[in-house]
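So the structure is just underneath, and the comments pick up after that.
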Amino acid sequence: MSRLQSSINTASADFRRNEAHNRRLVAEFRAKQEAARHSRPQRDLDRLARQQKMPQRKRIEMLLDPGTPFLELSSLAANMAYGGESPSASSIVGIGMISGREVMIRADDPSVKGGAWYPLTVKKIVRALDIAMENRLPVVHLCDSAGGFLQLQSELFPDRYMGGRIFRNQSLLSKAGVKQLALVFGHCTAGGAYIPGLSDYSVIVRGTGAVFLGGPPLVKAATGEDVTVEELGGAEMHTSVSGTCDYPADSEEHAIEIGREIVAQWGRLPRWEAQREAPEEPFYDPAEIYGIVPDDIKKAFDMREIIARIVDGSRFHEYQPAYGTTLVCGFANIWGYKVGILANNGVLFNDSSLKGAHFIELCNQNDTPLVFLQNITGYMVGREYERRGITKDGAKMIMAQSCSRVPKFTVMCNGSFGAGNYGMCGRAFDGRFLFSWPNHQIGVMGGDQAANTLAEVKANQMKRNGGAVDQSEIERLWEETRKAYQEQLSAYYATSELWDDGIIDPVDTRNALGVAISASLNAPLGPPGYGVFRF
Amino acid sequence: MVLKLDLDGTVHHVTILARRPHLVLSVDGRRHVVECLDEAGDGSRRLTVDGESIAFARAGSADGAIIRLGGRSFVLHRRDAAEEASAAGGGANVVRAPMPGTVVVVHKRIGDRVQRGETVVTIESMKLQMKLDAPRDGEIAEITAREGEGFDKDAVLARLAAPAEG
Amino acid sequence: MMTAPDDNPPFRKVLIANRGEIACRVIRTLREMGIASVAIHHPVEARARHVREADEAVEISGETPVAAHLDITQIVDAARAVGADAIHPGYGFLSENARFARAVAESGLTFIGPDAETIALMGDKISARQFAADHGVPVAPSVMPTEDLAEFTRRATQIGFPLLIKAAAGGGGKGMSIVRSAAELEGAARHAASEAQRYFGDGRVYAELFVERPRHIEVQVFGDGKGGAIHLFERECSVQRRFQKIIEEAPAANLPAGLRDEICASAARLAAAANYRNAGTVEYILGADGRFFFLEMNTRLQVEHPVTEMITGLDLVRLQVEIAAGRDLPFTQDAVTADGHAIECRICAEDPERDFLPETGTILHLDAPQAAYLRFENALDRGQRVTADFDPMLAKLVAHGPDRASATRRAIAALHDLALLGVKTNIDYLARVLAHPSFAAGELHTGFVAQHKVMLAAREPDVATRDMVLIAAALGLRDFRDLILGVPEPHASIGPWRN
């Protein structure tokens with residue numbers, strides 16, 4: 001496989017301007033992430049210290065095999081919700097290695113409102129368990145939660161993908177033979193009690209761990225019974241009387257040690273053997289991505305320059321290099337794993353759509369996972385393109401992509417607008433993982449286009465009604481629309497709403513994909529086959 | 001995950017920083033590149049740490065290892081969390097006989113406040129008198145030692161009250 | 001020492017009434033001589049090295065293993081039952097038991113050692129001392145126990161100073177004092193007498209010349225039992241702990257040639273006078289002033305005999321066997337020469353940091369260096385339990401060199417390379433003693449270990465060494481190895497990345 005030849009001039013003014021811009025964006029992302037992870041009211045930190053509880057992240061670090069990666073997912077979930085009251089949606093989710101086994105780690109965050117679940121917390125947990133199901137990843141729950149955040153119960157309790165989905169997913173995971181372990185460090189109240197209850201294994205810490213459907217205040221209110229936490233659902237009771245938990249632990253560290261031992265007992269399930277070679281660092285420095293991605297979303301750039309900074313040895317075997325050139329397709333290796341990459345170099349035309357559909361079929365035939373690098377403004381519009389069947393050609397690409405049996409991974413590298421999002425495996429298409437860069441924007445269309453479109457519609461409306469066009473009113477509408485769009489288009493809004501699996505620093509793309517691809521290999525490939533392609 | 005090894009009463013922490021291209025270990029926070037990793041089993045072997053190759057011998061025991069390196073032998077015990085927890089709670093609450101013997105003097109009574117290092121019991125073993133001290137500050141909850149009576153190794157001679165919850 | 005089996009071995013079969021390294025040592029020579037060997041063992045040591053290495057083995061019983069090895073009747077019966085011609089007693093156990101020597105002789109077998117009478121003579125301190133004095137071997141001047149303080153003072157003054165004064169009846173240091181001048185004598189005597197009366201109801205006091213910084217020098221002798229005796233030079237055994245030797249060497253360090261000759265000659269003279277037969281050792285106390293005094297005579301092979309073998313090139317066990325068979329001394333005194341220097345280190349299961357208290361354990365690993373100039377006398381096996389049943393001495397490491405410094409260096413290097421893991425030993429301590437400047441200077445005396453206690457204590461290893469030790473230990477733990485090797489790709493390559 002030949003090495004891509006980069007034509008980037010790292011000394012150019014463009015490069016330096018882009019670099020400054022993107023480094024600022026990444027610094028902003030890191031600052032938000034740091035705050036979400038560690039910035040907590042002092043009284044909450046004091047309370048945890050009093051209870052001799054380790055910070056949840058420290059527990060995770062102790063649980064992980066030393067010297068191995070941890071891919072944290074959705075670190076900025078809920079960053080634009082609830083007035084910032086629920087950093088990381090009050091939970092930590094990620095993929096790591098415990099006792100040599102790849103596992104999904106899901107942890108409550110007792111430093112935020114006692115670990116209460118907000119609606120987006122529930123969404124994040126459900127997503128974590130969906131990932132576990134799709135990839136057959138065992139789950140380790142670190143339980144320390146007061147239960148649902150009651151003030152927002154209507155948004156987290158009743159619907160299909162709300163609270164109950166957690167326990168439904170837990171049950172189905174167990175049915176599918178995917179193991180779950182609950183480490184109970186704090187309270188598991190109400191619904192939360194089912195997490196250890198539905199886990200295959202559970203460990204509970206003496207003194208601080210407790211599991212009950214209703215805590216002592218609720219019991220008192222309901223039945224008048226006076227009961228202590230320890231009597232009601234402590235480690236001693238659950239491991240010797242009720243059998244709700246399996247192992248009592250003398251300390252948090254002890255619980256972690258028992259947990260690691262339990263995971264070490266789990267059989268290593270056969271993984272799907274993807275084509276793999278010895279990994280090789282990219283020839284070109286991934287940090288140069290900062291100088292390649294433009295400082296303005298409207299400026300075009302060659303996605304091959306990005307590929308060269310993600311894949312092994314910067315080697316890329318390009319498919320149909322001269323046909324449908326707005327969609328770059330080709331084979332490469334990421335951390336050794338052979339992948340098929342689809343990357344946007346402009347709007348999708350008929351030929352690029354057909355090329356993409358064909359390339360996806362090749363990868364499915366060849367059992368090659370797909371990586372989509374999105375920077376898409378959509379499929380081409382206009383009379384000529386409609387006449388050539390841009391819609392049915394785009395539909396072919398969507399059909400091929402939707403029905404793929406190989407794992408799919410999407411990285412939102414810049415813009416994701418319109419139906420291009422669909423063809424390029426947007427969130428709705430059940431890619432195994434979807435990551436965004438901080439500069440990413442997503443929407444049906446760009447802010448300017450939306451404002452233009454609405455302004456156009458408004459002006460036409462005014463004309464139809466016989467009146468003159470009120471230019472100031474149009475301008476006000478344009479400005480308002482653009483502003484509203486701009487906020488909701490941002491990567492932070494998308495990640496806040498869990499439209500992705502997290503924002504990542506562009507230089508981390510290779511590692512994130514490496515961990516993600518490895519995780520995906522735990523699940524066997526589905527049956528081959530497609531629906532009806534419209535020719 | 002950190003491996004805790006007790007060497008002459010001091011606990012040291014060993015963990016893995018990286019596996020590729022070389023194994024990199026951290027020992028109490030100090031970084032060491034370990035270039036060769038011999039096969040399993042016991043016996044004489046070589047180890048390359050930070051480019052320096054050294055011969056050593058090792059014998060494994062159930063809870064640790066004995067290492068001979070640089071012309072000296074070292075006995076290491078691994079500490080697990082359960083042990084540490086009992087040392088912090090249960091273990092440290094008792095005055096335990098280090099060897100069989102007889103009780104000479106019981107210095108404290110139930111309810112007495114003691115400070116760490118204060119003598120609780122004096123015993124005689126192998127014609128040697130030995131003072132057994134309080135392992136931490138606390139209050140004597142129980143004394144099982146009776147002057148003139150014998151006891152076995154590891155017998156609990158006195159117990160401190162559990163620390164107050166806080 | 002390797003020679004072809006004798007054409008006409010003096011015995012057909014010899015039973016070794018011992019165990020451990022000395023039994024193995026004796027078996028080795030017997031095999032070289034073409035003599036069949038018989039081991040004895042208590043049931044607990046049925047798989048021991050000496051049992052495996054001997055041509056035959058007989059089980060002996062006893063409440064404790066040591067009791068079995070002290071059971072004269074059983075052992076003599078065993079020897080007769082297997083048709084042995086002779087019994088070699090080794091050292092320790094029954095080796096200096098006159099009753100045993102007599103029982104062996106009376107059963108028609110040969111005891112490889114002196115006759116019972118000599119053993120009895122030398123086994124009694126008073127008679128041995130008297131015998132030595134009678135034959136011109138210097139003994140430490142002393143004042144015999146008396147209650148007459150005036151007489152005591154008069155006689156004590158004749159001896160000179162310093163003097164050690166103590167209660168004749170007692171022990172435990174009651175009334176004991178060291179008197180360095182005549183002026184102190186009377187007061188010290190009175191005090192000792194009153195203390196003696198008070199504690200023991202016996203006011204008699206005793207005094208002897210106090211030897212400061214005494215050295216322990218001993219001479220290896222062989223007698224033919226007919227008044228002929230030779231010496232095989234001296235050994236120095238001054239480095240001791242708990243009154244037991246831990247390092248022995250031959251020849252003694254810094255011993256003036258004249259004094260050496262005098263000491264060795266007096267030992268041979270004593271042996272000749274006693275019509276001594278077989279191997280024996282005459283022990284002396286040597287003062288800093290060059291005065292030496294008879295201490296005792298050991299009527300057996302010594303633990304430290306290899307240092308003499310290494311400098312003389314002789315096989316002392318072979319000599320023992322030949323003499324026991326009635327043969328003459330194979331050479332005269334003039335033919336005995338010494339070459340170079342040899343040092344023996346006694347490897348003991350003990351904790352030098354805890355006053356050399358015996359340790360127990362299981363031998364998990366044993367790897368001893370090998371060289372033509374080294375002897376590692378042992379009967380150790382991997383997996384062997386080291387219990388309190390027997391003496392804590394596990395093995396002897398003996399190094400020879402052209403001179404004392406090189407022998408010391410070789411011994412240190414050998415200790416360095418000796419891996420005996422599973423029970424705490426004094427190996428590292430011995431290396432520290434050998435490396436001590438005062439040892440190198442030959443400034444030895446029986447208080448050496450106490451005098452240099454601080455400098456001989458184990459020092460904290462430097463951080464780099466300690467880290468290596470921790471790494472070596474960690475890599476040996478199975479689950480830590482699993483942790484290193486059990487992480488699949490790409491995680492192992494990606495390493496500790498966080499996003």
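Residue numbering restarts at 1 for every chain, and letters A, B, ... go by the order of the sequence lines. As the structure is a prediction and not an experimental result, all values here were calculated from the model.
Of the listed residues (A512(A), G96(A), G67(A), P69(A)), the greatest number of heavy-atom pairs within a distance under 4.5 Å of chain C belongs to P69(A).
Only the side chain of I504(A) comes within contact range of chain C, with heavy atoms under 4.5 Å apart. Only the side chain of L64(A) comes within contact range of chain C, with heavy atoms under 4.5 Å apart. For I494(C), the parts lying near chain A are the backbone and the side chain together; criterion is any non-hydrogen pair under 4.5 Å.
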At a 3.5 Å cut-off, give me the donor-acceptor pairs between chain A and chain C, one pair per line with the distance.
{"residue": "R37(A)", "atom": "NH1", "partner": "N499(C)", "partner atom": "O", "Å": "3.3"}
{"residue": "R37(A)", "atom": "NH2", "partner": "N499(C)", "partner atom": "O", "Å": "2.7"}
{"residue": "E61(A)", "atom": "OE1", "partner": "R498(C)", "partner atom": "NH2", "Å": "2.7"}
{"residue": "E61(A)", "atom": "OE2", "partner": "R498(C)", "partner atom": "NE", "Å": "2.9"}
{"residue": "T68(A)", "atom": "O", "partner": "R498(C)", "partner atom": "NH1", "Å": "2.8"}
{"residue": "F70(A)", "atom": "N", "partner": "W497(C)", "partner atom": "O", "Å": "3.1"}
{"residue": "E72(A)", "atom": "N", "partner": "N499(C)", "partner atom": "OD1", "Å": "2.7"}
{"residue": "E72(A)", "atom": "O", "partner": "N499(C)", "partner atom": "ND2", "Å": "2.8"}
{"residue": "D508(A)", "atom": "OD1", "partner": "W497(C)", "partner atom": "NE1", "Å": "2.9"}

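Pairs passing the ring pair (Phe, Tyr, Trp, His ring centres under 6.0 Å) check and including a residue from residues 54-76 of chain A, sequence neighbours excluded, do not occur.
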